[in-house]
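What you see is a predicted model; the values in this text were computed from it and never measured. Every heavy atom of this structure was used, including side-chain atoms; hydrogens, water molecules and symmetry mates were not.
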Amino acid sequence: MEKPFYIFSNGRIRRKDNTVFFEYGDSNDESQEEKESKPANRRAVPVETIDSIYLFGEVDLNNKVINFLGQNHIPIHFFNYYGYYTGTFYPREYAVSGHILVKQVSHYVDPGLRFAIAQEIIQSSNHNILKNLKYYERRYGDLSGFISHIENKNREMGSSRSIEELMGFEGQIHKRYFEAWNKILKSETFLFDKRTRMPPDNPINALISFGNSMVYATALSEIYKTQLNPAISYLHQPSTKRFSLSLDLAEIFKPLLVDRLIFSMINHNQIRENHFESNLEFCYLNEKGRRTFTEQFDEKLKTTVKHPSLKRNVSYRQLIKLECYKLVKHILGEEEFKGFRMWW
């Protein structure tokens, strides 16, 4: 199975014939001539066995490399110095289908069809949020009030008639959900007050922001393997310069892939204060923190579960791809879209 390739160091990606290397160990203070004149530490990039590249360090690329990676259908996800997702090199689509594109658009422009998909995305996300809370209620208790509140809001959400109303309920549910985190996190160091994004102001918000970016990029890599257009979405408003369908799919999987991971890493002391850089205005994961989180995130994606319909084990990463296929079947009128809901 193809897998992602992560680069945290500074350096450059170079192509030599049909082989791609990552060369590292340069100092940022060196001139280009100095970099070219000395031998570099070199690591082969296994193009045949990877499906995407995640760049966290300062890496030079030239068009020779980009063309080669594009020909091999490998997206490159870029993250800045603070670990924030900044964009993706999205190679020319190779699974193009005009028929599916028309169907995808028609389900966006029809308010009723769009709303049905958006509602299923939100309800699936809420189901997975409740699964998390019920799991920790069994382990630690003291979460029943949060569960009841969210279940009630979920029922009220059934009366929604617009995307805006759905998003309003989603905001209320997430506010209550985040309030429950201090009951789940068994740490005197990491306390969660409220969600802040731009920029994150404490370690928990930094972990959520970084984790959500990883899910977003992973969903985009899986969409690329299908005939779906990543810019046409249903819950989130399509816009310029963003792949909003990734946001839709990420919404469903964040409780499983990010929230559960944060709870586990903090409660098992895998993430610590020295994994963050912060001051009064912001907080972000340092390189060691990003490496640690990404390593665990990658292991999470490899986790498998027995699929009740397919009758075989599938990885969490494959669940995202299956979600894309379910959406394709829905817009083609073959099968009603039922978002992923944890069954274990």
Side-chain angles (χ1 to χ4, degrees), residues 2 4-6 50-56 61 66 69-80 82-109 113-114 117-118 120-122 124-125 163 166-167 170 197-198 208-258 294 297 301 316-328 330-331 337 339-340:
E2 294 177 336
F5 189 83
Y6 304 100
I50 63 173
D51 65 1
S52 54
I53 296 176
Y54 292 69
L55 295 183
F56 297 97
L61 297 161
I66 291 174
L69 294 176
Q71 290 165 9
N72 285 276
H73 313 303
I74 298 174
I76 308 170
H77 304 296
F78 295 88
F79 294 77
N80 69 12
Y82 302 103
Y84 302 146
Y85 170 80
T86 54
T88 294
F89 163 65
Y90 196 77
R92 188 176 66 180
E93 293 180 289
Y94 64 100
V96 177
S97 168
H99 178 57
I100 289 180
L101 178 61
V102 170
K103 289 290 186 181
Q104 200 178 343
V105 172
S106 68
H107 277 70
Y108 169 76
V109 297
L113 295 178
R114 179 187 173 187
I117 297 174
E120 181 61 20
I121 290 171
I122 284 286
S124 300
S125 173
I163 303 287
L166 281 179
M167 295 296 270
E170 186 266 349
R197 293 177 173 80
M198 301 295 282
I208 295 173
S209 293
F210 184 70
N212 288 351
S213 294
M214 294 297 291
V215 178
Y216 174 81
T218 302
L220 184 56
S221 292
E222 297 307 306
I223 291 170
Y224 180 67
K225 299 170 186 173
T226 73
Q227 296 169 320
L228 290 170
N229 187 299
I232 301 169
S233 55
Y234 302 100
L235 177 62
H236 296 86
Q237 187 66 27
S239 181
T240 56
K241 301 179 183 178
R242 72 173 186 172
F243 298 116
S244 48
L245 186 59
S246 296
L247 298 176
D248 282 6
L249 295 183
E251 202 66 40
I252 298 173
F253 288 94
K254 285 188 293 190
L256 170 65
L257 297 176
V258 180
T294 303
F297 181 81
L301 289 175
Y316 287 0
R317 171 182 282 275
Q318 289 171 317
L319 287 174
I320 301 175
K321 190 174 179 181
L322 289 174
E323 209 69 359
C324 297
Y325 290 144
K326 284 193 285 183
L327 198 52
V328 170
H330 177 85
I331 63 178
F337 175 62
F340 162 74

Partner set under side-chain hydrogen bond (donor to acceptor under 3.5 Å, both in side chains) for [X], not counting sequence neighbours:
X    : value
S244 : S233
Y85  : T88
H330 : none
S209 : R195

Could you tell me if the side chain of [Y] sits less than 4.5 Å from the side chain of [X], heavy atoms only?
X    : Y    : value
F78  : L61  : yes
I74  : F5   : no
I117 : L113 : no
D51  : P4   : yes

Separation between [atom1] of [X] and [atom2] of [Y], rounded to the nearest 0.5 Å:
X    : Y    : atom1 : atom2 : value
E323 : T226 : CD    : OG1   : 12.0 Å
I50  : N72  : CD1   : CG    : 8.5 Å
H236 : L249 : NE2   : CG    : 10.5 Å
L319 : I252 : CG    : CD1   : 11.0 Å

- Residues at least two apart in sequence or cross-chain that pass salt bridge (charged side-chain N to carboxylate O under 4.0 Å, His left out) with E120, listed by chain then number, are R341
- Item | Any residue meeting salt bridge (charged side-chain N to carboxylate O under 4.0 Å, His left out) with K254, in chain and number order, not counting sequence neighbours | E251
So, using side chain to side chain contact (heavy atoms under 4.5 Å, CB included) as the criterion, who are the partners of [X] when residues are at least two apart?
X    : value
K321 : E222, K225, Y325
Q237 : Y108, R114, R242
Q104 : L228, N229, I232, Y234, L245, I331
T218 : Y54, F297, L301, R317, I320

- Shortest non-hydrogen pair, L235 vs D248, comes out as N-OD2, 3.1 Å
- Which atom of S246 lies closest to which atom of I223, heavy atoms considered: OG-CD1, 3.7 Å
N/O donor to acceptor pairs below 3.5 angstrom from side-chain atoms of residues 89-101, sequence neighbours left out:
{"unit_1": "S97", "atom_1": "OG", "unit_2": "I100", "atom_2": "N", "d": "3.2"}

- Message: If only side-chain N and O atoms count, and only distance matters, is there a donor-acceptor pair under 3.5 Å linking H77 with S221?
- Response: yes
- How far apart are the C-alpha atoms of F56 and F210, what are their side-chain angles, what is the distance that settles it, and do they pass the ring pair (Phe, Tyr, Trp, His ring centres under 6.0 Å) test? CA-CA 11 Å; F56 297 97; F210 184 70; 5.7 Å; yes
- Excluding sequence neighbours, so at least two apart, what forms ring-ring contact (aromatic ring centres under 6.0 Å, His included) with F337? none
